[in-house]
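The structure under discussion appears below in the form of structure tokens.
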Amino acid sequence: MPKRPIQRPDLAGPFPENVAIIMDGNGRWAEGKGLRRVFGHRRGANVVRDITTACAEMGMNSLTLYAFSVENWQRPEREIRYLMRLLERYLVEERPTLMENDIRLRGIGRLADLPAGPLATLRETERLTADNTGMTLRLALSYGGRSEIADAVKSVVEDVRKGALDPADIDEETLRAHLYDPHTPDPDLVIRTAGEMRLSNFLLWQASYSELYVCDVCWPQFGRDQLLAAIHSYAGRVRKFGGLTGPKRAQLGPAH
Ligand code: IPE
Ligand code: IPE
Ligand code: MG
């Protein structure tokens with residue numbers, strides 16, 4: 001597959017190699033136009049295509065999209081059915097774009113909760129894109145940060161029970177290794193659309209030190225300009241991870 005040259009934006013600071021997005025506001029966008037919520041979801045799926053391609057073109061390492069939370073199962077059955085049909089269609093229609101852009105797709109979450117059709121389509125799309133070496137696109141489906149940690153603990157305990165792990169050796173890295181996708185680095189930047197200042201149970205473990213960016217536009221209106229604004233905002237941040245030596249501070253030299 002011919003690879004396109006990477007086009008990094010001109011930034012005043014570091015580029016966020018790993019980004020996660022809480023794609024919120026589909027329903028509000030549709031209702032604001034006098035349309036049913038599902039129209040927002042349909043438009044939102046098109047935005048996924050455009051933003052994914054934009055991130056791959058910039059040479060991002062990973063993009064994680066919050067598509068359906070464990071809590072979203074509480075929504076009306078009709079809306080859930082629509083979302084699941086949309087997911088299945090998206091996964092099939094996106095295959096050429098994923099291959100063209102060298103993107104590897106992975107699902108994270110309690111995937112066994114998905115209906116048989118979308119689950120099989122997801123597995124097949126993962127298989128078809130498994131050898132792509134460009135960006136990793138993770139779709140968080142039936143995902144919850146708390147259930148991910150609970151599932152990890154269960155699997156750690158299972159290793160202890162089998163005698164494969166000594167409880168005295170359990171540390172943060174043990175737990176990380178039992179998360180849904182331990183090999184993708186933590187997000188540098190978490191973007192949330194539609195203005196809510198909360199994580200809604202997204203990547204609770206991984207986002208410990210992520211930079212947060214919330215914008216007011218609803219997901220169906222999120223475009224490359226908004227993505228770039230978030231990336232520029234990230235480039236201007238000082239990340240200290242609890243220490244004192246952020247890159248900006250280091251540049252100031254020892255006298256400061
Ligand atoms: C995000 O949009 C999509 C999903 C959660 C599936 P919403 O459906 O939450 O839209 P709002 O927040 O109600 O506007
Ligand atoms: C978060 O949005 C989940 C997804 C974007 C998939 P929600 O709309 O479900 O979150 P709350 O209810 O506003 O916290
Ligand atoms: Mg919402």
Side-chain angles (χ1 to χ4, degrees), residues 18-52 55 62-91 93-94 105-115 117-119 121-122 137-151 179-181 184 187 189-207 210-223 226-227 230:
N18 301 285
V19 171
I21 307 182
I22 302 172
M23 309 182 291
D24 198 20
N26 290 353
R28 273 166 283 174
W29 176 82
E31 282 161 2
K33 292 189 155 311
L35 300 169
R36 284 186 296 127
R37 294 175 55 82
V38 292
F39 284 96
H41 294 315
R42 197 164 73 189
R43 175 66 81 95
N46 292 332
V47 174
V48 168
R49 177 170 306 139
D50 190 38
I51 294 301
T52 301
C55 291
S62 73
L63 174 67
T64 306
L65 298 175
Y66 205 4
F68 194 87
S69 73
V70 274
E71 286 80 17
N72 289 151
W73 292 113
Q74 298 166 43
R75 294 200 177 185
E77 214 184 301
R78 273 185 56 186
E79 182 167 342
I80 294 175
R81 227 178 310 132
Y82 186 90
L83 283 166
M84 292 299 140
R85 271 207 310 271
L86 194 63
L87 169 66
E88 201 169 350
R89 205 171 66 200
Y90 162 84
L91 286 168
E93 287 178 359
E94 272 325 273
L105 182 128
R106 289 196 59 123
I108 54 167
R110 288 194 168 158
L111 303 178
D113 292 349
L114 297 175
L119 179 57
T121 313
L122 172 69
L137 172 63
R138 302 194 301 175
L139 290 185
L141 293 163
S142 192
Y143 177 88
R146 288 180 174 181
S147 32
E148 178 172 31
I149 293 168
D151 290 349
L179 296 175
Y180 295 137
D181 177 29
T184 297
L189 171 66
V190 174
I191 300 170
R192 181 167 189 148
T193 61
E196 310 292 354
M197 300 278 186
R198 55 178 175 257
L199 284 175
S200 300
N201 205 8
F202 189 42
L203 300 178
L204 295 185
W205 176 282
Q206 299 89 335
S210 303
E211 294 297 320
L212 306 179
Y213 180 90
V214 175
C215 66
D216 283 333
V217 300
C218 291
W219 179 249
Q221 282 186 305
F222 192 83
Q226 284 79 19
L227 175 68

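Keep in mind that the numbers below use all heavy atoms, side chains included, and drop hydrogens, waters and symmetry copies. Every number for a ligand or one of its atoms is a count from 1 in the order of the listing.
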**Complete:** Nearest non-hydrogen protein atom to atom 7 (P) of ligand 2, with distance, is Arg75 NH2, 3.9 Å
**Request:** Just give me the atom name: the N, O or S atom of Asp24 closest to the Mg ion (ligand 3).
**Result:** OD1
**Prompt:** Which protein non-hydrogen atom lies closest to atom 11 (P) of ligand 1, naming both residue and atom, and how far is it?
**Reply:** Arg28 NE, 3.6 Å
**Prompt:** Does ligand 1 have any atom that is closer than 4.0 Å to a heavy atom of Ala67?
**Reply:** yes
**Request:** State the atoms of ligand 2, each with its element, that fall below the 4.0 Å cut-off from a heavy-atom position in Met23.
**Result:** 5 (C)
**Request:** Examine ligand 1 and decide if any of its atoms is less than 4.0 Å from a heavy atom belonging to Gly25.
**Result:** yes
**Request:** Name the closest protein heavy atom to atom 2 (O) of ligand 1, giving the residue it belongs to and the distance to 0.1 Å.
**Result:** Asn26 N, 3.2 Å
**Item:** Gln226 side chain vs Gly223 backbone, donor-acceptor pair below 3.5 Å
**Value:** yes
**Taking atom 10 (O) of ligand 2 as the reference point, the nearest protein heavy atom with its distance** = Ser200 OG, 3.4 Å
**Request:** For Phe68, counting its heavy atoms only, list the atoms of ligand 2 lying under 4.0 Å from any of them.
**Result:** 6 (C)
**Complete:** Nearest non-hydrogen protein atom to atom 13 (O) of ligand 2, with distance, is Arg198 NH2, 2.8 Å
**Asked** Which of the atoms of ligand 1 are close to His41, meaning less than 4.0 Å from one of its heavy atoms?
**Response** 3 (C), 8 (O)
**Asked** Any idea which protein heavy atom is nearest atom 8 (O) of ligand 2, and the distance to it?
**Response** Asp24 OD1, 3.2 Å
**Prompt:** Quick one: does Asn72 get an N or O within less than 3.5 Å of an N or O on ligand 2?
**Reply:** yes
**Asked** Do any heavy atoms of Glu31 fall under 4.0 Å from ligand 1?
**Response** no
**Request:** Heavy atoms only: give me the nearest Leu141-Leu111 pair and the separation to one decimal.
**Result:** O-CD2, 3.8 Å
